[in-house]
Amino acid sequence: AQSVTQPDIHITVSEGASLELRCNYSYGATPYLFWYVQSPGQGLQLLLKYFSGDTLVQGIKGFEAEFKRSQSSFNLRKPSVHWSDAAEYFCAVGAGGYQKVTFGTGTKLQVIP
Amino acid sequence: DAGVIQSPRHEVTEMGQEVTLRCKPISGHNSLFWYRQTMMRGLELLIYFNNNVPIDDSGMPEDRFSAKMPNASFSTLKIQPSEPRDSAVYFCASRPQGTSVSNEQFFGPGTRLTVL
């Protein structure tokens, strides 16, 4: 079965600083990978997704993620964080006969002035 | 489009009572998912429907939980009897035509359930 690990539970960055959120997955074949964002009191919103092709994918709100097969990673990056980026971020992997998506435990991002 | 609609947004009930959570997926979406989110366990998939048929209910915690999808525009998640450990935020999500996992899931705002 597929699984995904987000090793950082909580990250704090200064506004304007760069951001990298880590995600490692486990799956035997090429996975489908996603990053979702959840603002307080809201549902999850898709930031970006990867299935094949270019390993650097661009998403909404200035986010990007890079798929590295050799490291089984799909880290999320943003060059300059804004206060409105404070939220919880979930990495997810999709696979299996019924195309079930498995979510990581999430990383809470705090942005300080 | 109104997005995925869930009701109620907040529910407070007493242990032993029946609780019914409702979801209206986005029109045209044929896959529907129920998730539970808690601090301890994160986001867990409870059950997944495709074309109104339950495909995978392995995440349903126990027999007290049941889910139905009588038609393409409505689903319910029922807990009977409810227990304090069921307190969580329950999300419904829908996905467009086709079973491909490449399609994005669209999440509702969630129902915050508190069982006293």
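Atom set for the values below is all heavy atoms of this structure, side chains included, hydrogens, waters and symmetry mates excluded. Here is how names work: the chains are called A, B, and so on, in the same order as the sequence lines, proteins then strands, and each is numbered from 1. This structure is a prediction, so every number in the text was calculated from the model and none was measured.
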Tyr50(A) versus chain B, heavy atoms under 4.5 Å apart: side chain, backbone, both or neither?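 The answer is neither part of Tyr50(A).
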Checking heavy atoms, do the side chain of Gln38(A), its backbone, both or neither come under 4.5 Å from chain B?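 Contact with chain B involves the side chain of Gln38(A) alone.
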Could you have a look at Leu46(A), Thr102(A), Leu44(A) and say which one has the most heavy-atom pairs with chain B under 4.5 angstrom?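 Most heavy-atom pairs within the cutoff with chain B belong to Leu44(A).
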Looking at side-chain heavy atoms only, is the closest gap between Ile79(B) and Tyr90(B) below 4.5 Å?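 Side-chain contact under 4.5 Å: yes.
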Would you call Val4(A) and Asn24(A) a side-chain contact if the rule is heavy atoms closer than 4.5 Å?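 No, side chains not in contact.
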Proximal component of Thr38(B), with respect to chain A [non-hydrogen, under 4.5 Å]: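 For Thr38(B), no heavy atom lies under 4.5 Å from chain A.
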Residue, of Gln6(B), Arg9(B), Gln37(B), that accumulates the most heavy atom pairs under 4.5 Å with chain A: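 With the most close heavy-atom pairs to chain A, the winner is Gln37(B).
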Parallel, tilted or perpendicular: rings of Tyr35(B) and Phe103(A) (30°, 60°):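 It falls in the perpendicular class, over 60°.
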Closest heavy-atom pair and its distance - Asn75(A), Cys23(A):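 The pair with the smallest heavy-atom distance is OD1-N, 2.9 Å.
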Carefully, step by step, assess Ser58(B) and Asp56(B) under the rule side chain to side chain donor-acceptor pair (under 3.5 Å). CA-CA 6 Å; Ser58(B) 60; Asp56(B) 185 346; 2.6 Å; yes
